[in-house]
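Single-structure report; data block below.
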Amino acid sequence: MISTEDPDVLTALRTMQAKALSMRNEPITARKKRLRTLKRWILDNQSELERAAAADLGKPAIEFISIEIFNVLEEIRTILKNLNHWASPVYVPPSFAVLGTYSEIRYEPKGLCLVIAPWNFPFLLAVGPMASALGAGNAVVVKPSELAPTMSACIAKMASACFSPDEVRVVEGGLEVSKQLLTFPFDHIFFTGSPAVGSIVMSEAARNLTPVTLELGGKSPCVVTSSARVDEAALRIAVSKFTNAGQTCIAPDYVLAEDKVYDRLVDRIVFHARKLFSNPSTYTRIVSDRHFTRLVDLLQACRQEGVVAVLDGPAEARDRLFSPVVLKNVSVDSAIMRDEIFGPILPVIRFHDLAEAESIVNHQPRALALYIFSDARRETESLMASTSSGAVCINDCAMHFFHSGLPFGGVGRSGFGRAHGHAGFVTFSNEKSVIRQRHGLTGASLLYPPHTARKQRLLTKFMALFYR
Ligand code: NAD
């Protein structure tokens, strides 16, 4: 375990702080070089990463490559392509009070940043933010999840192969390690995880007034109206819900289906889930016994309420296999509607009109994403206007995550701050406002004391004219 009271650890973190200071003066090419080294290591060691994902979560290689490796490589590519532009000062024309001045926004590195990652996409959610932080010119400490120990070790190995220990340091361990790290005055903390731990991270960060980005979870709703293409909706819902065994922050947590399409939608989701996810050798496992038991108990509570499971495959505690479950005729008051499910159980709730669906969505804390399957613009616009979420994806689920040009993040209890692409660069940068004054007479000097009645009259007249 590390401890920030341990003089060696403190010295290491202080050395990183000093390095971060010197990294401010590096040319952009130095940042790019780091990212290229990282990219090369990933490509050269892909099979080792695949094995780590399989060892921790039983992830099929194709799923790991297409979601985790692909997104990290795409993030790095986007940064490399745009970094010169992003890091350039942005000219800001003068406003009236400062006519004659020259102003710009400069993007400087924040300094030493901490990235705390979860276990569900253990490579992507540790290395993606790390790449953004490096692109913005920072030194980074990464704390991967202890629940994906093989991947955590792999990320540590990657960091020592690619970077000097004062540029990037991976600190492995669980909650105690995380708590210890949080006592150190980092310049930014980027946390991905549950809302409960997010609130602990935020209060710890407050002690040092460290800014935080919180990428949290929650119950992302998926609304299917009668104008939707039902079979296509069912296929896309099944894929995004049951991939990674439902352990995805942006998986649809529950489905709201309009009366007219309710039965057909449920049938088609069951059909696609059976077809795509019934081979245990290509299906991700639940991460830990604790999470497995949590899901078994949740399902048991639903059964006691009389909820019908129309798809209910095998669940084997021995290797934490939890097959897809689809629940029909679920009430909004059901136990399953209390917390984020974060597993392969999909409740489908019936609604009669759009106002009812909007009210159900608004009854829950604001979500990371809202999914709408509808071919009627009136419906999509109404749902978007009357609800709030970090993102909206129409006629599919989770696709906004894959668009490196779209800022990614939550709102309210699903988190705040933004990641990916340019938004990630800005998150890890200090936007420094710079204004250069002219010599001699300036707008401000006209109002220097002495405060005469004439100056006051002129100012009053000017404002009456200008702000009329
Ligand atoms: P978690 O909050 O339990 O753990 C996340 C990290 O925090 C881990 O590295 C863990 O070691 C550390 N940690 C745990 N307790 C801590 C404490 N008391 N103090 C400091 N650090 C602590 O989350 P998880 O179980 O790893 O991941 C699942 C959650 O993450 C879900 O809620 C999911 O929706 C969310 N999530 C969000 C996103 C996103 O991008 N918004 C992505 C993936 C997962």
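As the structure lists them, so they are numbered: ligands from 1, and atoms in each ligand from 1.
Taking a cut-off of under 4.0 Å to the non-hydrogen atoms of T192, the atoms of ligand 1 that pass are 5 (C), 37 (C), 38 (C), 39 (C), 40 (O), 42 (C), 43 (C). Counting atoms of ligand 1 from 1 in the listed order, those under 4.0 Å from a heavy atom of I116 are 6 (C), 7 (O), 9 (O). Which parts of ligand 1 touch E146 is read off a 4.0 Å heavy-atom cut-off, strictly below it: atoms 10 (C), 11 (O). Those atoms of ligand 1 that come under 4.0 Å of a heavy atom in N120, given as number and element, are 43 (C), 44 (C). For ligand 1, the atoms closer than 4.0 angstrom to any heavy atom of S178 are 12 (C), 20 (C), 21 (N), 22 (C). Listed by number with element, the atoms of ligand 1 under 4.0 Å from a non-hydrogen atom of S145 are 9 (O). Every atom of ligand 1 with a heavy atom of W119 under 4.0 Å away is listed here by number and element: 24 (P), 25 (O), 26 (O), 27 (O). Interface of K143 with ligand 1, defined as ligand atoms under 4.0 Å from a residue heavy atom, comprises 8 (C), 9 (O), 10 (C), 11 (O).
Within the 4.0 Å heavy-atom criterion, the part of L182 lying near ligand 1 is the side chain and not the backbone. Contacts between V177 and ligand 1, counted as non-hydrogen atom pairs separated by less than 4.0 Å, are absent for every part of the residue. With a heavy-atom cut-off of 4.0 Å, Q247 does not touch ligand 1 at all. Counting heavy atoms closer than 4.0 Å to ligand 1, residue I250 contributes nothing at all. Of all the heavy atoms of A117, the ones lying under 4.0 Å from any atom of ligand 1 belong exclusively to the backbone.
Inside a 4.0 Å radius of atom 26 (O) of ligand 1 there is at least one protein heavy atom.
Distance OG/S288 to CZ/R294: 8.5 Å, rounded to 0.5 Å.
Around atom 14 (C) of ligand 1, the closest heavy atom drawn from I341, V287, V197 belongs to V197.
Using cut-offs of 30° and 60° on the angle between ring planes, the pair F425 and Y107 is tilted.
Screening residues 111-121 for salt bridge (charged side-chain N to carboxylate O under 4.0 Å, His left out) gives no qualifying pairs among residues at least two apart or on separate chains. For residues 125-148, the salt bridge (charged side-chain N to carboxylate O under 4.0 Å, His left out) pairs, not counting sequence neighbours, are K143-E146.
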